[in-house]
Amino acid sequence: MHRKVIALDIAESVRVAAPVWADLEAYCAELGVELVSVLPTADPADLGELVDRLAGVDVAVFACPDPYTRMARDLLAAAQGPDAVAPMDLLLHKARTRELCRRVGVPIPDGCEGAGREIAAAARALLDRTGRVLVKDPGGYAGMGVTRYTEPDALAAALDTDAEMVVEAFVDGEEFSVEAICGATGPRFVGWTVKGRTDDRHPLLRVRYTPPEPVPAVLTGPCERLLAASGYRGVAEVELVVADGRPRVLEANPRTSGVTPNGYFAGRPSALRHLVADLVGRELPSGPATGVADYQLPDTGDEPAPTGDHVYVRVPPPDTEFETRAYLTGTPDQIESTLARVSPDRAAQFAQRVEVAAKLLADEGLASLPPAAAR
């Protein structure tokens, strides 16, 4: 007998594409699962009645980015106590996630974490050895709080603080996102996205490709060890870089993410639907899927939006932080052709993502790709 389930939405209904959210609403109605939406601007003092309702139930949290996830975390902590959110706290903190990875044998980039002044010498040695390092705010998200350094003096200045910092070697490789549903029996992987090279533009500005094939084992292996060890329950996105045929975990996000809508557009159940099904003990059917490309459209109006029967353009409501985004479905040739009509650069990015996906699927690694210096 499963406990009552409440789906808690903090701006997810605004962030994801409208048909993705409508699909979740219909599924919750079908199962009799209460869906509660909370404005990110809500005063916590006014949410006491909701906190009472969240006590003693299973909660499907749908909240992204991290500030909204932390708001959901605070509501759960108030309702169910600090132990209920301890796994979420662990994964929301980059330094603690790295510590857990070391403990369970999950590969991560070389680096160190701690008070800036205390790790400055180790960080300088890492820079001398690798030539490039990243300094990260342990609580940062979406690329915020991350700075690349190549000069020792600039790095020393950045670490002249008692605040906790993470310093990592910059890994030049191919970047991926893996999405999982973490339930009572461990993580189950529902999709993966090829995001481009780490030395390219900001990840949110690249064309991304979600292949229709299952997640390759070279990616699921480290993700499974990390998520199982964390004890987290819910939707998770793990970001990895693969270089020299080896995966390394960059971070794990205990929430939905920018790639969450792609499962729906691929013709599969979305991660939102998967989580609700898991909590109520339902099995979702799996069937054929199609590839999906997505990218952010510039707000300057300089680039036309793609058009066609297999294109969806999400335009967020005004006065929100979310961007306009295009989703394209079909075979790689169909998607590339659609992109080429609006931007040869977008089409070239997509072709590179397809090449990487094919080689990863072919040999469960990227050893067949030339090293970065040779490209």
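All values reported here derive from a predicted model rather than from experimental measurement.
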Do side-chain atoms of R353 reach the backbone of A293 as a donor and acceptor pair under 3.5 angstrom?
no
Indicate, with yes or no, if L31 and I181 share a hydrophobic cluster defined by side-chain heavy-atom contacts under 4.5 Å among Ile, Leu, Val, Met, Phe, Trp and Tyr.
yes
Is F189 linked to L226 within one hydrophobic cluster, defined over Ile, Leu, Val, Met, Phe, Trp and Tyr using a side-chain heavy-atom separation of less than 4.5 Å?
yes
Within the structure provided, determine whether L219 and V242 are in side-chain contact (heavy-atom separation under 4.5 Å).
yes
Mind checking side chain to side chain donor-acceptor pair (under 3.5 Å) for E179 and listing every partner two or more places apart, or none if nothing turns up?
T260
If you count every heavy atom of other residues, nucleotides or ligands that lies below 6.0 Å from E30 atom CD, does the total exceed 12?
yes
Are the side chain of S337 and the backbone N or O of Q334 linked by a donor-acceptor pair below 3.5 Å?
no
Can you say whether the rings of Y312 and Y327 are parallel (under 30°), tilted (30 to 60°) or perpendicular (over 60°)?
tilted
Quick one: does R225's side chain have a donor or acceptor within less than 3.5 Å of a partner on G105's backbone?
yes
State plainly whether the residues R248 and E239 are in salt-bridge range, i.e. N to O under 4.0 Å.
no
Please check this pair: side chain of D43 against backbone of A45, looking for a donor-acceptor N/O pair closer than 3.5 Å.
yes
Answer yes or no: is there a donor N or O on one side and an acceptor on the other, between the side chain of D244 and the main chain of R246, under 3.5 Å?
no
Determine the minimum heavy-atom distance between V167 and A123, stating which atoms define it.
CG1-CB, 3.9 Å
Are T97 and E251 side-chain neighbours, meaning at least one heavy-atom pair lies under 4.5 Å?
no
Common cluster, Y141/V259, ILVMFWY with side-chain heavy-atom separation under 4.5 Å:
no
Going by heavy atoms in the side chains, are L250 and P109 under 4.5 Å from each other?
yes
Can you list the steps and then say if V315 with V313 is a side-chain contact (heavy atoms from CB on, under 4.5 Å)?
CA-CA 6 Å; V315 180; V313 177; 4.2 Å; yes
Distance check, rounded to the nearest 0.5 Å: L126 atom CG versus C112 atom SG?
6.5 Å
Is a side-chain donor-acceptor pair under 3.5 Å present for E174 with Q352?
yes
Could you report the tightest heavy-atom contact between G234 and L275, atom names first, then the distance?
CA-CD1, 3.8 Å
Can you tell me if T329 and T290 form a side-chain donor-acceptor pair at under 3.5 Å?
no
Is there a donor-acceptor pair under 3.5 Å between the side chain of T198 and the backbone N or O of V171?
yes
Spacing of CG belonging to L205 relative to CG belonging to D200, to within rounding of 0.5 Å
9.5 Å
Run through F176, W192, F350 and flag the one making a ring-ring contact (aromatic ring centres under 6.0 Å, His included) with Y209.
F350
Residue pair R346 / Q296: nearest heavy atoms and the distance that separates them
NH2-O, 3.3 Å
With no hydrogens and no angle check, is any side-chain donor or acceptor of R255 less than 3.5 Å from a backbone partner on L92?
no
Sole candidate of D199, T130, V133 that passes side-chain contact (heavy atoms from CB on, under 4.5 Å) when paired with F170:
D199
So do the side chains of R129 and D110 get within less than 4.5 Å of each other, counting heavy atoms only?
yes
Residues E168, R98: salt bridge by 4.0 Å N-O rule
yes
When the side chains of residues 71-91 are checked against the rest of the protein, which donor-acceptor pairs come out under 3.5 Å, sequence neighbours left out?
residue, atom, partner, partner atom, Å
R73, NE, D89, OD1, 2.7
R73, NH2, D89, OD2, 3.1
Q80, NE2, L54, O, 2.8
Q80, NE2, V57, O, 2.9

Where do V36 and I6 land on the side-chain contact (heavy atoms from CB on, under 4.5 Å) test, with the steps shown first?
CA-CA 7 Å; V36 178; I6 291 179; 3.9 Å; yes
Count I, L, V, M, F, W, Y as connected when their side-chain heavy atoms are under 4.5 Å apart, and connections chain through other members. Are F62 and Y68 then in the same cluster?
no
Smallest separation among heavy atoms of A11 and F322, with atom names:
O-CE1, 4.2 Å
Using atom types as modelled and distance alone, determine if a side-chain donor or acceptor of R188 lies under 3.5 Å from a backbone N or O of D278.
no
Just wondering, are more than 12 heavy atoms of other shown residues or ligands nearer than 6.0 Å to CG in D153?
no
F265 vs V20, side-chain contact (heavy atoms from CB on, under 4.5 Å): CA-CA, chis, key distance, verdict
CA-CA 8 Å; F265 287 114; V20 183; 4.0 Å; yes
Side chains of E237 and T256, donor plus acceptor under 3.5 Å:
no
So CG of L155 and OG1 of T147: to nearest 0.5 Å the spacing works out to 10.5 Å
Roughly how far, to the nearest 0.5 Å, is CG of L134 from CZ of R148?
6.5 Å
Worked verdict on V166 versus I119 for side-chain contact (heavy atoms from CB on, under 4.5 Å):
CA-CA 9 Å; V166 172; I119 64 172; over 6 Å; no
Using atom types as modelled and distance alone, determine if a side-chain donor or acceptor of D66 lies under 3.5 Å from a backbone N or O of T69.
no
Minimum-distance pair of heavy atoms, taken over all atoms of A95 and E164
CB-OE2, 3.5 Å
Does the side chain of T324 come within less than 4.5 Å of P316's, by heavy atoms?
yes
Is R96 salt-bridged to E99, cutoff N-O under 4.0 Å?
no
Are the side chains of P306 and Y295 in contact, using a 4.5 Å heavy-atom criterion?
yes
Quick one, D160 and R117 - any side-chain contact, counting heavy atoms below 4.5 Å?
yes
Side chains of D9 and S13: is there a donor and an acceptor less than 3.5 Å apart?
yes
Interatomic distance, CG@L8 vs CG@L35, rounded to 0.5 Å, equals 9.0 Å
Does the distance from a Lys or Arg side-chain N to an Asp or Glu carboxylate O, for D58 and K4, drop under 4.0 Å?
no
Starting at CD1 of I10, measure out to CG of L39 and round the result to the nearest 0.5 Å.
10.0 Å
Joint cluster assignment, V238 & V241, ILVMFWY side-chain distance < 4.5 Å:
no
Provide the closest heavy-atom pair for K195 versus S177 in the form atom of the first, atom of the second, distance.
NZ-OG, 2.9 Å
Pairwise side-chain contact, P107 with C101, heavy-atom cut-off 4.5 Å (strictly under)
no
Pick one: which of R197, R201, R206 meets salt bridge (charged side-chain N to carboxylate O under 4.0 Å, His left out) with E175?
R206
